[in-house]
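Only one structure is covered here, and it is reproduced in the block below.
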2 protein chains.
Amino acid sequence: MKKRATETAGKDEQLAQTSLRQFVGYEMKLAYLLIHADMMRILKPTGLRIVTFSALGIVVENPDISQTQLAQALQIERSGVVVIVDELENADLISRNKVEGDRRSYALRATLKGRNLWSRTEKLVHDHEDGILSGLDRSERETLKSLLGRVIEDNRKS
Amino acid sequence: MKKRATETAGKDEQLAQTSLRQFVGYEMKLAYLLIHADMMRILKPTGLRIVTFSALGIVVENPDISQTQLAQALQIERSGVVVIVDELENADLISRNKVEGDRRSYALRATLKGRNLWSRTEKLVHDHEDGILSGLDRSERETLKSLLGRVIEDNRKS
DNA sequence: TATTGTTATACTCTATAACTATA
DNA sequence: TATAGTTATAGAGTATAACAATA
């Protein structure tokens, strides 16, 4: 009978995971989970969640965007955008504005408070990324970003 | 009054997303979501979910692993492992075996069927990754994998 | 007392479908 | 008819807490 992993490796040691670590997708998931957890930690004092942070950025960058467009940008359903916009509007970070010529839709705009919070949070997130990527030099960070960008473009709408 | 993004960009165009695309974390998420969706598509005919695929690989690689150890490897709670192991056991891919000396725990082992399915699925996933990474040459793929690995190691248990 | 596996429960996130008011 | 926003509901996926058996 083979020894089980516990006995061989001891209690605190890592298990072999070559079977999964051979895949880029698995490493992508691990890296993403690390970033995700640290982002939640960083965003906590701002009152934003990751998805409301993202939505706020898109609204700041695209004034008078509609909720349907915001849904496309966030890659979620329109119904999900409602609570996100509610949350940002209740915090006085964005506003739903009437559109002349189409009374069905809203034009979303960031408030001054929203733009200010975005600017401050943008810096926080840069600090978070500096921490996560502290083991890579500037050129390596750019390479990582560029490779990820190409993977995204290559697989977009294909 | 500024023109809204719709009017400026037209209906089918992408919105500006520089605010988010500046962050490596956002690109990591986009890339991860692409891979995740394609993985689900690839795994569908095998009957495995991503998490049961991962669990199967770990059990194949670590015979006689316990459920608690599997939970650590998968980075989920022990309670969540129960249904995963149930699923794999019901499909006759792994078995719960008695451990001499500790009647509380199980020694998990992949069945022959489980090892065979793992081998076949491993190939499917390699094909999936070849597709996702088709825009990168061999050296670029290795660079991406290496950079992701370093990010993971740098941030592990810190 | 501590640990393994288990169950029950709750919470988060998101999708689906049906509705309303407009177009 | 089609579209924008909304609501209600359901489904994954996972965490938390309590429990029985065993150490």
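Residue numbering restarts at 1 for every chain, and letters A, B, ... go by the order of the sequence lines.
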(request) Give every residue pair that meets the ring pair (Phe, Tyr, Trp, His ring centres under 6.0 Å) criterion with at least one member in residues 28-49 of chain B, sequence neighbours excluded. (result) Y32(A)-Y32(B), Y32(B)-H36(B)
(message) Give me each pair satisfying salt bridge (Lys or Arg N to Asp or Glu O under 4.0 Å) with a member in residues 24-52 of chain A, each pair once, sequence neighbours excluded.
(response) R21(A)-E27(A), E27(A)-K145(B), D38(A)-R41(A), R49(A)-E87(A)
(request) Any salt bridge (Lys or Arg N to Asp or Glu O under 4.0 Å) involving residues 113-122 of chain A? Give me the pairs, sequence neighbours left out, ordered by first then second residue. (result) none
[atom1] of [X] versus [atom2] of [N]: gap in Å, rounded?
X: L70(A); N: dT6(D); atom1: CG; atom2: P; value: 12 Å
X: K98(B); N: dG5(C); atom1: NZ; atom2: C1'; value: 15 Å
X: L108(B); N: dT4(C); atom1: CG; atom2: P; value: 13 Å
X: Q72(A); N: dG5(D); atom1: CD; atom2: P; value: 11 Å

(message) Protein within reach of the bases, or only the backbone? For nucleotides 6-15 of chain C, mark each nucleotide 5' to 3' as B, S or -, using heavy atoms under 4.0 Å.
(response) BB-----S-S
(message) So, does T68(A) get its side chain near the phosphate of dG5(D), meaning an N or O under 4.0 Å from OP1 or OP2?
(response) yes
(request) Just jot down the salt bridge (charged side-chain N to carboxylate O under 4.0 Å, His left out) partners of R96(A), sequence neighbours excluded, or say none. (result) D86(A), E89(A)
(message) Once side chain to side chain donor-acceptor pair (under 3.5 Å) is applied, do any residues pair with S19(A), and if so which ones, sequence neighbours excluded?
(response) E61(B)
(request) Could you pull out all residues at least two apart from S134(B) that satisfy side chain to side chain donor-acceptor pair (under 3.5 Å)? (result) none
Between protein and nucleotides 20-23 of chain C, what N or O pairs are separated by less than 3.5 Å?
from    : atom 1 : to      : atom 2 : distance (Å)
dA23(C) : OP1    : R103(A) : N      : 2.7
dA23(C) : OP2    : R103(A) : NH2    : 3.4

(message) Assess whether a salt bridge exists between E129(B) and R141(B), defined as any Lys/Arg side-chain N lying under 4.0 Å from an Asp/Glu carboxylate O.
(response) no
(request) Could you work out the complete set of other residues in the hydrophobic cluster of I42(A), with links drawn between I, L, V, M, F, W and Y side chains under 4.5 Å apart? (result) L124(A)
